[in-house]
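One structure is given here, and the rest of the page talks about it.
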Amino acid sequence: MTDNSSTEEMIRLLREISGKLDRILIQGSADNESDDGILDVLDVMTLLTLPDHLRTTATALFELGSATADELAERTNKERAVESNYLNQLVRMGHVAKNRKGRKVYFSIGEGLGK
Amino acid sequence: MTDNSSTEEMIRLLREISGKLDRILIQGSADNESDDGILDVLDVMTLLTLPDHLRTTATALFELGSATADELAERTNKERAVESNYLNQLVRMGHVAKNRKGRKVYFSIGEGLGK
Amino acid sequence: MALTIAIHSYKGGSGKTSFAINLASAYASVGKSVCLLDVDLKAPSSFNYLLPEAKHWVNDIFEGRYGVMDVVKDVSKEMGTKGAFYVGYSNPDIVAVRGISSKDRKWQSKALKLLMTAKRDLSNAGIDIVILDTGAGVDFTSVNAIAVADYVISVGRPGASRQRLMEQVIGGVYMPLDKDCYIIENMCHNDNPTDLSGKKFDLPVLASIPCMCDVAVRCDNEVLVLTEPDHAFSKKIYDIMESLDKITS
Amino acid sequence: MALTIAIHSYKGGSGKTSFAINLASAYASVGKSVCLLDVDLKAPSSFNYLLPEAKHWVNDIFEGRYGVMDVVKDVSKEMGTKGAFYVGYSNPDIVAVRGISSKDRKWQSKALKLLMTAKRDLSNAGIDIVILDTGAGVDFTSVNAIAVADYVISVGRPGASRQRLMEQVIGGVYMPLDKDCYIIENMCHNDNPTDLSGKKFDLPVLASIPCMCDVAVRCDNEVLVLTEPDHAFSKKIYDIMESLDKITS
């Protein structure tokens, strides 16, 4: 190998290493987003990222504090079954808590917050 | 490529790689941090609430990334013993991490950061 | 229920606060029972010292320390308004201001609930109009207040750069929160080719207030609708109040 | 080391961004190698569209995705400046803007470190002057940048309410971070009895720029120091640049 070609090889390798580092960096930034507990609080900025139907349900729940699916459906003028489905989606996303009190199931924003 | 310009290109690439390694280290640091709240992160708003002497030490440490008491004292133009005392105060407050590497003790913002 | 109006601006320096205090004063001067709350905890409004002092801060509401009725103060006597005129100030001390930046999403979620409670308490206390002077731009200090409001008034200076910013805020904040919004073009210059009522968003422009040098200076020291109700600026404010009455009735 | 200047304003709408882009252009026009970074991630600056587009965003620096040299773009050819003129934009999309409010203190602590790394990288790349267009008021988008800067220029409109606010920011942000600060009084009116050089803080006022209606409109569409270097506003900017040269040399 001549000096010239070894220099070229070194530059090629450095470029390759630099490219690999780029991919590590992009992966690293993605990891950080997933594991820092974003899903357990429903604040207004998170509310804005929800699809329209869930946002309406969540906003009504914010106003009511804590409510059954019936109470919520009355507020939003939707079918009870529809609201119940949306509420359970929000529960699965971690935004809404579900608590049984006697025969009734109450939904509320956040962890045992409510009113 | 002439010798001169290839050397320049290598230096440029090495700087680029070094910068990327910095960012990987900074990103990695978040994963290691314990997730129990207030005292384990030193952000700039918290920095502003520190008393003057500790703020100077903490600011210098932000700039150095990771440093021994000697290195820090050199930066702030204070006695090593004084800086060491301040650093240990910051460690007790939970703002700064302390790690032994061989015979040297390194201080850094957050846990296991360093550059 | 009290009618809650959030006064917002997608960018600082639009005259939002002067507009908010003058609109609130206009309502109070015609006998409405009004509450003006400064919810811009990161940049406490200048009306802090245009009006008499109070014992507590709006910050206390968000911290859950006091209810809104413990925090607000009726200044109708000092300001000479016919209707009750309650005001709540946010704490201008830098330690309080810096602290707001460090609040996490959980705190902000609670803050939204506490603001909804405050709105209900004000209604129960017989307030007709609640005016929220929000933070500028997109921040919890503004978006929480917009979420609580019945109407949003967006105060802005016309200009090409602002038009773009506004498009983003309308599409990404006002619309998803399903709010009735109205635009006030403020500090308008005759030779400015752009206005805020573009084709891209069809929000109604409630009024265009020209840029008046004396207003910029005087609003810092007095409440123009009360000290000079015949001033061109004051007249605009009363006109806006009448338009709002039609819209909301 | 590159000289890093943070352009701040304790309140929005002070003309901070127009000042920043004109000062950066002035430096580039006399042959300095300049980098202008918009670090106001919550309210991306209007110079986003006064200048040519770039591939990446300043947001990518704060996320650790790219280094500063991957993000900035040299616009010296398009702008016709003698010196290199790198610019970095923050992402104006509302999804990006809203996201910044949700960042926690841990993210902000990392952001500060990444900004320090960026400053060093710019020095290594041979940049003479780094100008940070910061967020207005007291927020991580401004205070992180102030912490990194060598000098702070605080742009403000005179006025009694602002004077109070400024006192808080000087005492609670600039002073504790031990920064060299200079005040630019902008949009001054002759009949305004208050100025920003009160007794309470003895920061030097570098210049007072009068309120000019044409500047408010034109700065939205052009970079005045480049398109009309003889304009009264442009001359003020060049004067300020010379004063800064003396201060920092």
Side-chain angles (χ1 to χ4, degrees), chain B residues 8 11-66 76-77 94-97 108-111 113-115, chain D residues 1 4 6 39 60-72 103-127 134-135 137-150 168-179:
Chain B
E8 268 170 32
I11 290 174
R12 198 194 60 75
L13 280 165
L14 284 168
R15 277 209 183 111
E16 193 175 287
I17 289 168
S18 173
K20 283 172 189 172
L21 289 170
D22 278 339
R23 296 198 295 284
I24 290 173
L25 283 165
I26 292 169
Q27 277 188 5
S29 66
D31 299 339
N32 302 330
E33 276 168 30
S34 61
D35 53 9
D36 53 34
I38 309 283
L39 283 183
D40 58 345
V41 179
L42 185 57
D43 60 286
V44 77
M45 296 292 177
T46 311
L47 194 77
L48 287 172
T49 64
L50 296 176
D52 285 354
H53 58 289
L54 294 181
R55 196 171 49 243
T56 308
T57 301
T59 307
L61 194 54
F62 249 115
E63 279 162 16
L64 291 170
S66 175
T76 59
N77 291 320
H95 294 318
V96 162
S108 56
I109 302 283
E111 281 179 355
L113 267 181
K115 275 199 196 172
Chain D
M1 272 302 262
T4 305
V39 294
D60 294 320
I61 301 173
F62 288 105
E63 293 286 359
R65 271 194 291 263
Y66 292 104
V68 64
M69 293 312 294
D70 306 316
V71 163
V72 294
K103 299 299 185 189
D104 61 9
R105 293 168 48 241
K106 200 184 274 184
W107 188 91
Q108 295 292 359
S109 171
K110 265 201 284 180
L112 176 55
K113 287 178 201 164
L114 288 162
L115 198 54
M116 284 177 170
T117 305
K119 180 186 171 179
R120 202 202 49 207
D121 291 350
L122 287 168
S123 281
N124 287 339
I127 303 289
T134 75
V138 178
D139 184 272
F140 279 108
T141 58
S142 51
V143 184
N144 272 346
I146 291 167
V148 166
D150 304 309
Q168 293 287 332
V169 172
I170 292 173
V173 179
Y174 301 164
M175 290 306 166
L177 289 173
D178 213 13
K179 295 294 165 186

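Labels below follow one simple rule: chain letters A, B, ... track the order of the sequence lines, proteins then strands, and each chain is numbered from 1.
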Check [X] against [Y] and note the closest heavy-atom contact, atom names and distance.
X     : Y      : answer
B:L48 : D:V173 : CD2-O, 4.1 Å
B:D43 : D:S109 : CA-CB, 4.1 Å
B:M45 : D:V138 : CE-CG1, 4.2 Å

Go through the atoms of D:D178 and report whether side chain, backbone, both or neither lie under 4.5 Å from a heavy atom of chain B. neither
How long is the gap from [atom1] on [X] to [atom2] on [Y], to the nearest 0.5 Å?
X      : Y      : atom1 : atom2 : answer
D:L112 : B:I109 : CG    : CD1   : 8.5 Å
D:R120 : B:E63  : CZ    : CD    : 12.0 Å
D:N144 : B:F62  : CG    : CZ    : 8.0 Å
B:R23  : D:L114 : CZ    : CG    : 7.5 Å

side-chain contact (heavy atoms from CB on, under 4.5 Å) between B:V44 and D:Q108, worked out: CA-CA 8 Å; B:V44 77; D:Q108 295 292 359; over 6 Å; no
Any residue of residues 50-58 of chain B which, by heavy atoms, sits under 4.5 Å from chain D: B:R55
Within the 4.5 Å heavy-atom criterion, are B:L47 and D:V143 side-chain neighbours or not? no
